[in-house]
Protein chains: 2
Amino acid sequence: MQANLPHLQSIFTADCVIFGFEEGELKVLLIERNEYPFKGWWGLPGFFVEHNETIDDAVERILYEHTGLRDIYMEQLYTFGDLQRHPQGRVITVAYYAMLRLEGLTSLKPGTDYVRQAVWHPLNKLPDLAFDHHNIIEKSISKIRKKISYSPIAFELLPEKFTLTQLQQLYEAIWDKKLDKRNFRKKMLNYNILKELDEKQRGVAFRAAKFYRFDKRKYAKVFGNELNFS
Amino acid sequence: MQANLPHLQSIFTADCVIFGFEEGELKVLLIERNEYPFKGWWGLPGFFVEHNETIDDAVERILYEHTGLRDIYMEQLYTFGDLQRHPQGRVITVAYYAMLRLEGLTSLKPGTDYVRQAVWHPLNKLPDLAFDHHNIIEKSISKIRKKISYSPIAFELLPEKFTLTQLQQLYEAIWDKKLDKRNFRKKMLNYNILKELDEKQRGVAFRAAKFYRFDKRKYAKVFGNELNFS
DNA sequence: GATGTTAGTGTAAAAAATACACCCTATATT
DNA sequence: AATATAGGGTGTATTTTTTACACTAACATC
């Protein structure tokens with residue numbers, strides 16, 4: 001594709017799909033590539049896995065180098081190994097995903113020349129992407145939809161303190177579907193994994209909403225075991 | 001570990017976790033290795049992925065070479081890349097799993113010298129296994145437990161025609177838990193994905209049970225969409 | 001025809017899910 | 001000060017789903 005392609009450093013890489021939620025919208029973290037192939041394109045943070053590091057370590061390192069984000073718990077999504085996914089030959093990539101609270105994470109500083117900038121993009125208006133990254137993002141979304149059905153990963157995407165409306169909007173964004181306010185609240189509160197705080201919203205031009213916090217201990221009790229059949 | 005280790009042909013492999021169900025018991029397909037490392041040990045069918053084949057193709061080829069099994073739909077489970085999982089250095093392995101009807105699959109013929117024999121082993125008395133294969137099997141089981149909660153993959157593990165009791169025993173084996181017969185039947189029949197056949201068991205020393213068949217079309221309608229929230 | 005073994009069935013009670021509409025309250029506007 | 005605006009917050013009746021629970025039916029064998 002381009003003259004001065006770098007040598008392949010290994011035949012497998014790790015990619016990160018980082019989701020964030022802000023203003024009722026799901027976003028994904030993309031980087032602008034500063035290196036061939038796909039120089040100048042947007043893509044997922046991702047790079048070669050070194051020979052002496054585990055994949056888990058690699059993906060953490062790569063995310064940090066590309067975006068400055070640290071200590072993000074990522075889960076493995078899928079491994080992609082199509083023959084044409086990389087223009088320089090078959091490169092297998094292990095994709096990981098994570099969900100983040102988007103408060104205060106607006107300015108991201110890449111720590112490598114391979115990346116020009118890292119920017120949150122709304123999921124419903126993504127640019128063209130390098131490699132098969134569109135495909136990887138698709139797969140992540142469908143995994144998240146399933147997962148949120150039986151485990152409240154949603155909390156990862158919200159600030160520490162959140163209102164029930166924010167929580168509901170998040171579910172609505174992930175499922176792309178309106179939910180009933182009263183039923184949603186009833187169900188959520190019945191799980192008993194939310195802790196009501198004394199605090200309220202401030203400076204809003206309408207009745208202020210109560211803040212809630214997610215109770216990790218209770219969560220483990222409720223969702224630690226499998227779904228029930230009988 | 002051993003003198004004449006073969007050269008590493010690539011740094012990643014694909015492993016197969018094949019589950020079968022027979023006589024109320026879950027089984028997994030293991031091979032006896034005829035090659036270092038772990039010559040003489042039991043392990044999962046697995047081998048190197050060639051440079052010009054997709055992982056999906058590789059895993060299908062490997063399963064065939066190791067066991068003679070063909071046209072088995074396998075799903076990707078997880079990619080394992082710990083530094084110590086292979087004695088010759090870091091080898092990344094992509095594990096796939098599948099579930100099979102165990103009728104008539106008793107005699108398996110390996111087609112490669114790497115494998116001495118392929119044998120079904122009951123899940124609850126596995127021998128010591130090569131590499132991290134115990135770990136891989138563990139992870140497969142927990143995936144199956146989750147998956148069966150929201151999609152009836154159980155049918156893959158039963159013969160074409162099965163009785164409701166067989167179906168129930170399968171669920172009980174996967175969940176390691178007794179279920180109520182009446183409730184189980186009611187629920188299963190209510191899904192409307194079973195077709196009652198005219199046929200009955202024959203030659204059994206007690207009241208013969210009706211056979212059922214799994215209706216794929218109806219299944220897609222019922223389980224095609226996600227779990228519901230509101 | 002007695003025995004043993006699994007197949008097959010119903011109902012009442014409890015729990016969960018759903019559909020649905022109005023008043024509350026903090027600010028902004030006039 | 002009165003009013004408008006916009007989201008916050010709540011209850012109930014109905015339906016659906018889940019659960020707990022025990023006996024008779026059918027068939028082969030002795």
Side-chain angles (χ1 to χ4, degrees), chain A residues 21-25 148-152 158-159 161-173 175 177-213 221-223 225-230, chain B residues 23-25 148-150 152 158-159 161-173 175 177-213 222-223 225-230:
Chain A
F21 184 70
E22 203 175 38
E23 293 154 26
E25 214 176 30
I148 206 174
S149 312
Y150 57 85
S151 108
L158 289 176
K161 301 169 186 174
F162 50 84
T163 68
L164 288 179
T165 300
Q166 284 169 347
L167 185 58
Q168 181 175 343
Q169 282 171 346
L170 175 53
Y171 274 83
E172 289 175 343
W175 275 327
K177 184 179 169 183
K178 285 276 163 216
L179 302 175
D180 178 83
K181 183 158 65 161
R182 276 178 293 191
N183 293 340
F184 179 85
R185 282 160 184 250
K186 205 188 312 173
K187 189 159 177 174
M188 270 297 155
L189 294 173
N190 267 353
Y191 282 145
N192 251 318
I193 54 175
L194 295 184
K195 193 179 150 101
E196 185 180 329
L197 304 180
D198 283 336
E199 223 172 324
K200 284 188 177 185
Q201 287 180 314
R202 315 177 100 226
V204 284
F206 42 80
R207 179 172 175 182
K210 271 185 223 151
F211 282 120
Y212 287 80
R213 182 141 39 78
K221 274 187 206 158
V222 178
F223 291 93
N225 21 20
E226 308 300 332
L227 288 188
N228 55 326
F229 192 90
S230 150
Chain B
E23 293 154 25
E25 217 176 28
I148 205 175
S149 312
Y150 56 85
L158 290 175
K161 300 167 186 177
F162 51 84
T163 68
L164 288 179
T165 300
Q166 286 169 346
L167 186 58
Q168 181 176 343
Q169 282 171 347
L170 174 54
Y171 273 83
E172 289 176 343
W175 275 327
K177 184 179 173 185
K178 286 276 164 218
L179 303 176
D180 178 83
K181 183 158 64 158
R182 279 178 290 192
N183 292 339
F184 179 83
R185 284 163 183 250
K186 205 188 315 172
K187 191 159 177 173
M188 268 298 154
L189 293 175
N190 266 352
Y191 282 145
N192 251 316
I193 54 173
L194 296 183
K195 194 180 150 101
E196 186 181 329
L197 303 180
D198 284 336
E199 225 173 323
K200 283 188 176 185
Q201 286 181 315
R202 316 178 101 227
V204 285
F206 42 80
R207 176 171 177 182
K210 272 184 225 151
F211 282 120
Y212 287 80
R213 182 141 41 76
V222 179
F223 291 94
N225 20 19
E226 308 301 333
L227 288 188
N228 55 326
F229 191 92
S230 149

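Every chain is numbered from 1 and lettered A, B, ... according to where its sequence line falls, protein lines coming before strand lines.
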Is B:Arg182 near enough to C:dG10 that one of its side-chain N or O atoms lies under 4.0 angstrom from OP1 or OP2?
-> no
Between A:Thr165 and D:dG8, is there a side-chain N or O to OP1/OP2 distance below 4.0 Å?
-> yes
Rounded interatomic separation in angstrom, taking [atom1] from [X] and [atom2] from [N]:
X        : N      : atom1 : atom2 : result
A:Gln201 : C:dT25 : CD    : P     : 16 Å
A:Asn183 : C:dC20 : CG    : P     : 11 Å
B:Arg185 : D:dT17 : CZ    : P     : 21 Å
A:Gln168 : D:dG9  : CD    : C1'   : 12 Å
A:Gln169 : D:dG7  : CD    : P     : 9 Å
B:Arg207 : D:dC23 : CZ    : P     : 17 Å
A:Lys178 : C:dT18 : NZ    : P     : 18 Å

From C:dC20, C:dT9, D:dG9, pick the nucleotide closest to the side chain of A:Lys210?
-> D:dG9
Under 4.0 Å, heavy atoms only, any strand: does [X] hit a base, just the sugar-phosphate, or nothing?
X        : result
B:Thr163 : nothing
A:Lys181 : base
B:Ala205 : base

Side-chain-base donor-acceptor pair under 3.5 Å for A:Lys186 and C:dT18 = yes
Pick one: which of A:Lys210, A:Arg213, A:Lys161 meets salt bridge (charged side-chain N to carboxylate O under 4.0 Å, His left out) with A:Glu199?
-> A:Lys161
Residue whose nearest DNA chain D nucleotide is more 5′ - A:Lys200 or B:Gly203 = A:Lys200
Would you check if the side chain of A:Gln168 reaches a backbone N or O of A:Leu179 as a donor-acceptor pair within less than 3.5 Å?
-> yes
Give a yes or no answer on whether the side chain of A:Glu25 reaches the backbone of A:Glu22 with a donor-acceptor pair at less than 3.5 Å.
-> no
